[in-house]
Amino acid sequence: MATIKSISYILPEAVYSNEDFFADFPEAKDTNLEKVGVRKRHITAPGQTASDLAVLAAEKLFAEHAIDKKEIDFVLLVFMGPDYYMPSSSGIVHERLGLRSDCGALDIEIGCSAYSYALSVAAGLIAAAGIKKVLLLTSSTLTTTIHPKDRGSRFVFGDGAAATLITDEADGNIGPFIFGNDGKEFEKIIVRDGGQRNPLSDKSYLEKTDENGKMVCDANYFMDGVGVFQFSVKRVPGLVNDLLSKASLQKEDIDLYVFHQPNMILNETIRKKLGIPEEKFVHCLAEMGNTVQSTIPIALYESIQNGRLKRGMTVLLAGFGVGLSWSATIVRY
């Protein structure tokens, strides 16, 4: 059976505080942005990639938890934005970490719903392939894709990476899982140009203002904030209830709910709609913002550190966003 054995995370050194933000956008001082729940966010250095952050997170995991990297049997790299068109970034991370040559490496390119998806892959490798130890790395450098004038995205998002060790334990228990995707809504969160469908051109950098007054261009990150909010409020309560039913559990059986951390307003809306007590619900984005793939493992780590998450607890994890996709699982920590 698979279990989460240990977690670590890292944030880039450069900090973009709310004071920095309001200096850049003085017109935003009279808005309600601070209700989003972010006080500061960490930004990658020029030239720093998602794989760079993933390597740093893995090295911190090895040091913080006295893990012998030679015992890693498989590495999963969950991110968006490869170093190269080919080869895979997970293979590059594998080499930089000095892992065994018979240790597998796999890229998983997915965003906000990533953690449960990746846990299912890790659990499957352990159950079906005899793997003993999986190194799961989640890494986001989304701020590199955000337009400098995109006020909303610059306030919400930060960069970071997390490393999770998943092991084969007799008393481990991750699952069941629920997954979903609404592909017809893929344009709600998108970087439109730069892939094979729409290669970069001069037109990619033409600035335009969307219906919400946000400055964007097709080479940069775009999110329909209202549309994503509506999707999340509609989809996530059903996701949680379906997972509880699949696991034959009641809401009261869950000791801690750890959701993807898009912003506090959205998650508080979902929490209240589900009737989850505040003491069982985790908010964790004030000091780092929305770190996309890494929000859930970071929230788990912080919950362990502050004593809210202890061994023996039953935890419900739920991710939702880019795709538009969703996923959830139960972890008996």
Side-chain angles (χ1 to χ4, degrees), residues 1-10 57-69 71-76 78 114-127 131-138 160-178 240 243-244 246-261 267 271 274 276-285 287-288 291 293-319 327-333:
M1 302 288 284
T3 192
I4 294 176
K5 191 71 172 179
S6 51
I7 303 172
S8 294
Y9 76 90
I10 62 98
E59 290 173 341
K60 184 177 180 183
L61 180 82
F62 297 156
E64 190 172 13
H65 301 282
I67 295 168
D68 182 357
K69 64 184 180 182
E71 295 182 357
I72 302 298
D73 300 311
F74 210 101
V75 59
L76 299 173
V78 184
Y115 199 62
S116 295
Y117 268 101
L119 285 177
S120 74
V121 176
L125 287 167
I126 287 171
I131 298 296
K132 300 295 184 184
K133 294 186 177 181
V134 178
L135 174 62
L136 167 57
L137 303 174
T138 57
T164 305
L165 181 65
I166 299 119
T167 63
D168 179 14
E169 302 284 343
D171 58 350
N173 199 341
I174 302 175
F177 296 89
I178 287 185
V240 170
L243 178 62
L244 290 171
K246 189 172 184 179
S248 299
L249 295 172
Q250 303 297 317
K251 289 179 188 176
E252 297 75 20
D253 297 323
I254 303 299
D255 297 304
L256 204 62
Y257 291 82
V258 182
F259 290 4
H260 169 54
Q261 304 286 308
N267 275 10
R271 180 189 70 79
L274 280 164
I276 300 170
E278 290 185 64
E279 64 270 15
K280 286 191 172 186
F281 196 85
V282 174
H283 290 295
C284 183
L285 72 161
E287 301 300 310
M288 69 284 295
T291 54
Q293 295 92 338
S294 294
T295 62
I296 291 177
I298 289 175
L300 288 171
Y301 179 95
E302 289 297 324
S303 296
I304 294 167
Q305 294 301 305
N306 63 32
R308 294 188 69 186
L309 177 55
K310 301 179 178 67
R311 286 292 176 186
M313 283 188 168
T314 300
V315 187
L316 191 149
L317 311 180
S327 69
T329 190
I330 303 288
V331 172
R332 278 83 174 180
Y333 180 73

Between Ile67 and Ser6, is any pair of side-chain heavy atoms under 4.5 Å apart? yes
For Pro176, is there any backbone N or O sitting under 3.5 Å from a side-chain donor or acceptor partner on Thr329? yes
With a 3.5 Å cut-off and sequence neighbours excluded, list the donor-acceptor pairs that the side chains of residues 247-254 form with protein atoms.
| from | atom 1 | to | atom 2 | distance (Å) |
| --- | --- | --- | --- | --- |
| Lys251 | NZ | Leu274 | O | 2.7 |
| Asp253 | OD2 | Gln250 | N | 2.7 |

On a heavy-atom basis, which atom in Pro297 and which in Ile7 lie closest, and how many Å separate them? O-CG2, 3.6 Å
Between Leu125 and Ile166, is there a side-chain heavy-atom distance shorter than 4.5 Å? no
Could you walk me through whether Tyr333 and Ile304 pass side chain to side chain contact (heavy atoms under 4.5 Å, CB included), step by step? CA-CA 10 Å; Tyr333 180 73; Ile304 294 167; 3.3 Å; yes
Roughly how far, to the nearest 0.5 Å, is NZ of Lys5 from CG of Leu61? 12.5 Å
Point-to-point distance, once rounded to the nearest 0.5 Å, from CD1 of Ile10 to CD of Glu59: 10.0 Å
Are the side chains of His283 and Asn267 in touch, meaning some heavy atoms are under 4.5 Å apart? yes
Minimal non-hydrogen separation, Thr3 against Arg311, with atom names: OG1-NH1, 4.3 Å
Check against side chain to side chain contact (heavy atoms under 4.5 Å, CB included), Cys284 and Ile298: CA-CA 8 Å; Cys284 183; Ile298 289 175; 4.1 Å; yes
From Leu316 atom CG to Phe259 atom CZ, the distance as rounded to the nearest 0.5 Å: 6.0 Å
Taken to the nearest 0.5 Å, the spacing of Ser116 OG from Ile296 CD1 works out to 5.0 Å
As a quick check of understanding, evaluate side chain to side chain donor-acceptor pair (under 3.5 Å) for Glu64 and Tyr9, giving each step before the final call. CA-CA 10 Å; Glu64 190 172 13; Tyr9 76 90; over 6 Å; no
Identify the two heavy atoms, one from Gly175 and one from Arg332, that lie closest to each other, and give their separation to 0.1 Å. O-NH1, 2.8 Å
Start with the C-alpha gap between Leu76 and Val121, add the side-chain angles, then the distance that decides, and say whether side chain to side chain contact (heavy atoms under 4.5 Å, CB included) holds. CA-CA 9 Å; Leu76 299 173; Val121 176; 3.9 Å; yes
Rounded to the nearest 0.5 Å, how far does CD of Glu169 lie from CD1 of Ile174? 10.5 Å
Shortest non-hydrogen separation from Ala162 to Ser294 and the atoms involved: N-OG, 3.4 Å
Do any N or O atoms from the side chain of Arg271 and from the backbone of Ile276 form a donor-acceptor pair under 3.5 angstrom? yes
Below 4.5 Å, heavy atoms only, C-beta onward: do Phe177 and Leu119 meet side chain to side chain? yes
What is the minimum heavy-atom distance between Val78 and Ala118, and which atoms define it? CG2-CB, 3.7 Å
Output for pair (Leu256 CG, Ser303 OG), nearest 0.5 Å, gives 5.0 Å
Ignoring hydrogens and angles, state whether a donor on the side chain of Tyr117 or Gln293 is under 3.5 Å from an acceptor on the partner side chain. no
Side chain to side chain donor-acceptor pair (under 3.5 Å) assessment of Ser327 paired with Tyr115: CA-CA 8 Å; Ser327 69; Tyr115 199 62; over 6 Å; no
For the pair Asp168 (side chain) and Ile126 (backbone), establish whether a donor and an acceptor sit closer than 3.5 Å, ignoring hydrogens and angles. no
Check whether any side-chain heavy atom of Val315 sits under 4.5 Å from a side-chain heavy atom of Ile330, and report yes or no. no
Are any non-hydrogen side-chain atoms of Leu300 and Leu317 less than 4.5 angstrom apart? yes
Any Thr164 side-chain heavy atom under 4.5 Å of Ile4 side chain: yes
Which pair of heavy atoms, one from Ala299 and one from Val258, lies closest together, and at what distance? CB-CG1, 3.7 Å
Quick one: are Ile72 and Phe62 in side-chain contact, heavy atoms under 4.5 Å? yes
Before accepting this row, confirm whether a basic side-chain N of the pair Asp73/Lys133 lies closer than 4.0 Å to the acidic partner's carboxylate O. no
